[in-house]
Novice: 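Sharing a structure with you now.
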Amino acid sequence: MKLLIVWLHLLAVVVWIGGLMYQAHVLLPAARRGASGAFAEAAGRARPVAWTAIALVVLTGFYNVTQLGPLGRVMETGSGLLLAGKFTLVIVLVALAAQRDFTQVPRLRRALGDGADPAPALSAIAWLDRVTLVLALVVIYLGLAISRV
């Protein structure tokens, strides 16, 4: 059972961050060259998949924490501080994903529908994506560090 949960955790991370990376590095540059409507549609279609993956990351992450053992022992090994950092960054990542998917992508859709310039929304999405991807690398590193302590 433990292996299945770890596998689900990693699969959900790959789906969430991999999908975001594809959007940020393939679809977003195309949107900036005029395919904004296609980007908005793709981001909307990806949202249920991304948020299912986010939910799985959080739920399986909590389960994995329970498997580390008693809190006192975890704190003695040094994993406690790494775990606290990872947990904090995951909260930040979820907040960034929510800002992107529930504020900026709808803002892009409104701009496209009104015939307004989509550039400000695309710029905000690009910034959020870059920050999210960098923080995701840190979270992945912390996860590996925790597993090695």
Novice: Report yes or no: do L133 and V131 belong to one cluster of Ile/Leu/Val/Met/Phe/Trp/Tyr joined by side chain heavy-atom distances under 4.5 Å?
Specialist: yes
Novice: Which atom names give the shortest non-hydrogen contact between P120 and R107, and what distance separates them?
Specialist: CB-NH2, 3.2 Å
Novice: Consider only side-chain N and O atoms of Q23 and R100, and report whether a donor and an acceptor are under 3.5 Å apart.
Specialist: yes
Novice: How many angstroms lie between atom NZ of K86 and atom CD1 of I91, to the nearest 0.5 angstrom?
Specialist: 13.0 Å
Novice: Which heavy-atom pair separates S36 from A31 by the least distance, and what is that distance?
Specialist: OG-O, 3.1 Å
Novice: Is there a side-chain contact (heavy atoms from CB on, under 4.5 Å) between L93 and W16? Walk through the geometry before answering.
Specialist: CA-CA 11 Å; L93 285 170; W16 176 20; 3.8 Å; yes
Novice: Evaluate the side-chain contact (heavy atoms from CB on, under 4.5 Å) criterion for residues M21 and D129: first the C-alpha distance (whole Å), next the side-chain angles of each, then the deciding distance (0.1 Å), finally the verdict.
Specialist: CA-CA 8 Å; M21 190 171 286; D129 288 354; over 6 Å; no
Novice: According to a 4.5 Å side-chain heavy-atom criterion applied to Ile, Leu, Val, Met, Phe, Trp and Tyr, with indirect links allowed, do L82 and V92 form part of one hydrophobic cluster?
Specialist: yes
Novice: Distance from L20 atom CG to L27 atom CG, nearest 0.5 Å?
Specialist: 10.5 Å
Novice: At their closest point, which heavy atom of G85 faces which heavy atom of L142, and how far apart are they?
Specialist: C-CD1, 3.9 Å
Novice: Are L128 and V138 connected into the same hydrophobic cluster when the rule is that any two of I, L, V, M, F, W, Y join if their side-chain heavy atoms are below 4.5 Å apart?
Specialist: yes
Novice: Apart from V6 itself, what residues make up its hydrophobic cluster, given side-chain heavy atom links below 4.5 Å?
Specialist: L10
Novice: Is the backbone N or O of A119 less than 3.5 Å from a side-chain atom of S123, with the two atoms forming a donor-acceptor pair by type?
Specialist: no
Novice: Please check if the number of heavy atoms outside F102 that lie under 6.0 Å from its CZ is greater than 12.
Specialist: yes
Novice: Atom CG in L89, atom CG in L137: separation rounded to 0.5 Å?
Specialist: 11.5 Å
Novice: Nearest 0.5 Å, please: how far is CG in L28 from OH in Y22?
Specialist: 12.0 Å
Novice: Grouping I, L, V, M, F, W and Y whenever their side-chain heavy atoms are under 4.5 Å apart, do L108 and V26 come out in a common cluster?
Specialist: yes
Novice: Evaluate whether atom OH of Y63 has more than 12 neighbouring non-hydrogen atoms of other residues, nucleotides or ligands under 6.0 angstrom away.
Specialist: yes
Novice: Are V49 and V13 linked, directly or through other ILVMFWY residues, by side chains that come within less than 4.5 angstrom of each other?
Specialist: no
Novice: Apply the test side-chain contact (heavy atoms from CB on, under 4.5 Å) to residues W51 and V94: give CA-CA distance (whole Å), side-chain angles for both, the deciding distance (0.1 Å), then the verdict.
Specialist: CA-CA 9 Å; W51 283 93; V94 171; 4.1 Å; yes
Novice: Return the minimal non-hydrogen interatomic distance between P48 and T52, and the atom names on each side.
Specialist: O-OG1, 2.7 Å
Novice: So, for L112 and A40, which heavy atoms are closest and what is the spacing to 0.1 Å?
Specialist: CD1-CB, 4.0 Å
Novice: Suppose we screen for side chain to side chain donor-acceptor pair (under 3.5 Å). Which residues come up paired with S79, at least two apart in sequence or across chains?
Specialist: T77
Novice: Identify the two heavy atoms, one from I125 and one from Q104, that lie closest to each other, and give their separation to 0.1 Å.
Specialist: CG1-CB, 3.6 Å
Novice: Output, in order, the C-alpha distance, side-chain angles, deciding distance and verdict of side-chain contact (heavy atoms from CB on, under 4.5 Å) for F62 and V58.
Specialist: CA-CA 6 Å; F62 279 132; V58 170; 3.5 Å; yes
